[in-house]
Amino acid sequence: MPAGFGRLWTAQTVSSLGDGVTHAALPLLALTLTRDPMALAVVTAAGTLPWLLFGVLGGALVDRWDRRRTMWVADAARAVLLVVPAAAAVLDVLSIPLLAAVAFLLGLGGLLFDTAATAYLPDLLGRDPALLERANSRLRGAQTAMSGFAGPPAGSALLALGRAVPLLADAVSFMLSALLVRTLPAMPRPVPEVRESLLRQARAGASYVFRDRLLLGLALRPAVGNVAFLAVETVLALFAHDRLGIDTYGFGLLLTAEATGGLLGAGIASYLGRRLGTGTALTCTAAVEGLAILGLAAAPNPYVAGLALAACGAGMGATMVLGPSLRQAIVPAHLMGRVASTSRMLAMCAAPFGAFLGGWLATTYDIRTPLYAAAVLLLAMTAVTASMTSNRRVEAALRAAAPAGGPDHPASKDPAQESAPDVL
């Protein structure tokens, strides 16, 4: 791996730790101000709104801008932003509207940073598919460990020291990330397109995804998956309490089992890609997710439920390494930002439908019904997208991308690898 990746990895690890701190602290801060569920929901939803409102436009902007500069400016801006609610907490003028505005702006900064990082990584690694898988495995593992394991408990502990403390800690993490990203090597800008309006370029990026069956299959997996997973997440606490007899502490352990599976899946993703081929591996991990949710719905006790969630987390972790790595290897550099943001926006837009579906099914039928419905949805998605992301289609896309040699399609593997049937 090039030296620059280590700095990028460290920057995102530090930033993910801060994200985990804020992820726990913001809802708890809101809870100190109100007990109104709708007000709490506003703060939570505000962080996702930028993806729904500006997802594709943000990708178009990233495709116009220098990716490295976009990353460090976004992190520096978020560091400065967090000083505002921290000062408001010290002065005792913190409010729900202020927290919602901060969550929205943090989400907007995250949109720009994540999209720019996704577009920058292939250039840093020369679009080598094997390196991209290794890199995304490490990035995903660090993100899960920091934002899923270390960050939330740290956020809760820091909040006990003062309402401003977790916000300032996250600000420091963003500033350290910005300084590290600032030292990354500069990459040539993508080949400029004919000057078009931002909206027209955004539409071109979205249509590129929908016209390409492989990219569309890669985008459908997280979109449909989010419908299923949010349907489960909406009722999971109630299911765990009423059907499995799990208390609050046990529920935390249940979620930890899922995160542990996610780490394992991210770690073995490259191995699965080499042994099965990326297309077959993606189909298998999607099937594992569906079967795991089915096992969760039928779980007779907390131990089986924990194993099912760990298996589901492993499938998700591997999918979230293999899918983005493949996309980064085959999408032209000048479209990378728009393609990545379009795929992410589809996934984010699908999430509210899943939450509504889970609540409606549980209310109308039974607490297990959303889980069975989610399993059926995941398995149906696996069957539909299997041919769209087959090994044959993946290998054809890699061959088309590798020989161009231009700035949009640098060679991504050596000739010896190209003949191997399980290169990915």
Side-chain angles (χ1 to χ4, degrees), residues 1-2 4-5 7-9 11-12 15 50-51 54-75 77 107-129 131-136 138-140 143 177-178 180-182 184-193 196 198 201-209 212 214-215 218-219 222 320-348 397-398 401 404 406-412:
M1 305 289 282
F5 173 73
R7 295 197 294 276
L8 179 62
W9 186 19
Q12 292 207 25
S15 185
W51 285 101
F54 309 117
V56 179
L57 288 176
L61 286 172
V62 166
D63 282 337
R64 288 184 172 191
W65 296 340
D66 179 273
R67 277 85 183 253
R68 182 188 64 165
R69 182 179 295 123
T70 300
M71 286 190 286
W72 74 258
V73 169
D75 266 358
L108 184 59
L111 185 159
L112 294 173
F113 182 94
D114 292 347
T115 305
T118 299
Y120 177 84
L121 187 62
D123 293 334
L124 179 67
L125 301 182
R127 296 185 179 268
D128 184 301
L131 286 183
L132 284 168
E133 284 188 2
R134 287 171 54 196
N136 281 308
R138 295 180 187 183
L139 291 170
R140 179 66 187 168
Q143 181 185 25
S177 175
L180 283 167
V181 171
R182 188 76 173 79
L184 291 173
M187 294 293 165
R189 290 199 176 196
V191 176
E193 300 177 90
E196 293 178 327
L198 187 66
Q201 287 186 332
R203 283 202 305 266
S207 64
Y208 189 86
V209 173
D212 188 295
L214 176 56
L215 291 176
L218 293 176
M320 295 178 75
V321 170
L322 294 169
S325 299
L326 176 58
R327 188 185 298 114
Q328 289 168 330
I330 64 176
V331 174
H334 71 280
L335 286 166
M336 182 60 70
R338 282 166 284 176
V339 169
S341 62
T342 297
S343 301
R344 181 75 178 270
M345 187 186 69
L346 287 174
M348 296 296 287
L398 288 171
D408 283 348
H409 298 287
S412 61

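Every heavy atom of this structure was used, including side-chain atoms; hydrogens, water molecules and symmetry mates were not. If you read the sequence from its start, that first residue is 1, and numbering goes on from there. What you see is a predicted model; the values in this text were computed from it and never measured.
The backbone N or O of V331 sits less than 3.5 Å from a side-chain atom of R127, completing a donor-acceptor pair. For the pair S341 (side chain) and G55 (backbone), a donor-acceptor distance under 3.5 Å is present. A donor-acceptor pair is defined here as one N or O able to donate and one able to accept, closer than 3.5 Å; such a pair exists between the side chain of R338 and the backbone of Q201.
To the nearest 0.5 angstrom, L214 atom CG is 4.5 Å from I330 atom CD1. Within the model, atoms OG1 of T70 and CG of L61 stand 8.5 Å from one another, a figure rounded to the nearest 0.5 Å. From D75, atom CG reaches atom CD of Q12 across 8.5 Å, with rounding to the nearest 0.5 Å. The structure places CG of L132 at 12.0 Å from CZ of R327, a figure rounded to the nearest 0.5 Å. Taking CG of L125 as the reference point, atom CD of Q328 lies at 8.0 Å (rounded to 0.5 Å). Separation of atoms CE (M336) and CG (L121) is listed at 9.0 Å; rounding is to 0.5 Å.
Across all non-hydrogen atoms, the minimal contact from G337 to T115 is O-CG2, 3.3 Å. Taking every heavy atom of both residues into account, L198 and A60 meet most closely at CD1-CB, 3.6 Å. When all heavy atoms of L215 and Y208 are compared, the closest pair comes out as CD1-CE2, 3.5 Å. Residues G107 and P50 come closest through the heavy atom pair C-CG, 3.7 Å. Smallest separation of non-hydrogen atoms from A186 and R68: N-NH1, 3.8 Å. Closest of all the heavy-atom pairs between L218 and L326 is CD1-CD2, 4.0 Å.
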### Task
I would like to know whether L139 and F5 meet side-chain contact (heavy atoms from CB on, under 4.5 Å); could you show each step before the answer?
CA-CA 10 Å; L139 291 170; F5 173 73; 4.0 Å; yes
### Message
Before you tell me yes or no, could you show the steps for R67 and D123 under side-chain contact (heavy atoms from CB on, under 4.5 Å), namely the whole-Å CA-CA distance, both residues' side-chain angles and the distance that decides it to 0.1 Å?
### Response
CA-CA 10 Å; R67 277 85 183 253; D123 293 334; 3.7 Å; yes
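Inter-residue side-chain proximity for L346 and P222 is flagged as unmet; no heavy-atom pair is nearer than 4.5 Å. Counting heavy atoms from C-beta outward, Y120 and L184 have side chains that approach closer than 4.5 Å.
Atom CE of M320 is surrounded by 12 or fewer heavy atoms from other residues, nucleotides or ligands within 6.0 Å.
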